[in-house]
Amino acid sequence: MALYSVGYNFDWQLVRALPSLNRAFGGRHRLSEVYGANAAFGQASARPQSNIPRLDWQEFEDHVSELTR
């Protein structure tokens, strides 16, 4: 089984689409992690800072909670 990582842009539509990706893989592959940057936390990223979302802690926790579920 191949495991995949997906870059995450903190878009709720992407959160809703992720479970369907795992179903579409039919057990042959699995989306195992998402990663992303939050400008509010001062993380380094290869993307320009103007393209990185700026979320407060509560928004960030909401996204992580939903992704974990």
Side-chain angles (χ1 to χ4, degrees):
M1 174 186 301
L3 300 177
Y4 293 99
S5 298
V6 172
Y8 184 58
N9 61 357
F10 297 95
D11 181 339
W12 286 111
Q13 289 181 346
L14 181 56
V15 172
R16 292 181 200 104
L18 292 177
S20 64
L21 282 176
N22 277 335
R23 285 192 299 275
F25 290 150
R28 297 180 315 275
H29 312 289
R30 179 162 168 65
L31 178 61
S32 64
E33 69 180 356
V34 296
Y35 62 90
N38 181 357
F41 299 163
Q43 295 165 306
S45 175
R47 293 187 299 169
Q49 287 292 312
S50 61
N51 292 348
I52 299 175
R54 181 174 294 277
L55 286 76
D56 64 28
W57 275 108
Q58 186 58 56
E59 291 172 306
F60 183 77
E61 288 178 14
D62 292 347
H63 281 265
V64 171
S65 176
E66 186 66 24
L67 287 165
T68 300
R69 199 170 31 167

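Computation of the quantities below employed the complete heavy-atom set of this structure, encompassing side-chain atoms and omitting hydrogens, waters and symmetry-equivalent molecules. Sequential numbering from 1 along the given sequence is applied to the chain's residues.
Cluster annotation: Trp57 is connected to Leu55 through the hydrophobic network of ILVMFWY side chains, with a link wherever side-chain heavy atoms come within less than 4.5 Å. Criterion: ILVMFWY side-chain heavy atoms under 4.5 Å apart, direct or through other members. Under it, Trp12 and Leu31 are part of a common hydrophobic cluster.
Side-chain atoms of Thr68 come within 3.5 Å of backbone N or O of Val64 as a donor-acceptor pair. In this structure, Asn22 contributes its side chain and Arg30 its backbone to no donor-acceptor pair below 3.5 Å.
Residues Ser32 and Leu3 approach most closely at OG-CB, 3.7 Å, considering heavy atoms. Taking each heavy atom of Pro19 and Arg16 in turn, the nearest pair found is CD-O, 3.5 Å.
Taking the six-membered ring where the residue is Trp, Tyr4 and His29 present perpendicular rings, their angle passing 60° and hence far from 30°.
Side-chain atoms of Glu59 and Phe10, non-hydrogen and from C-beta on, never get closer than 4.5 Å to each other.
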TODO: Check step by step if side chain to side chain contact (heavy atoms under 4.5 Å, CB included) holds for Val6 and Tyr35.
DONE: CA-CA 6 Å; Val6 172; Tyr35 62 90; 5.7 Å; no
- [ ] Might you work through the side chain to side chain contact (heavy atoms under 4.5 Å, CB included) test for Phe25 and Met1, ending with a clear yes or no?
- [x] CA-CA 10 Å; Phe25 290 150; Met1 174 186 301; over 6 Å; no
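Rounding to the nearest 0.5 angstrom, the gap separating the CG atom in Asp62 from the CG atom in Leu67 is 11.0 Å.
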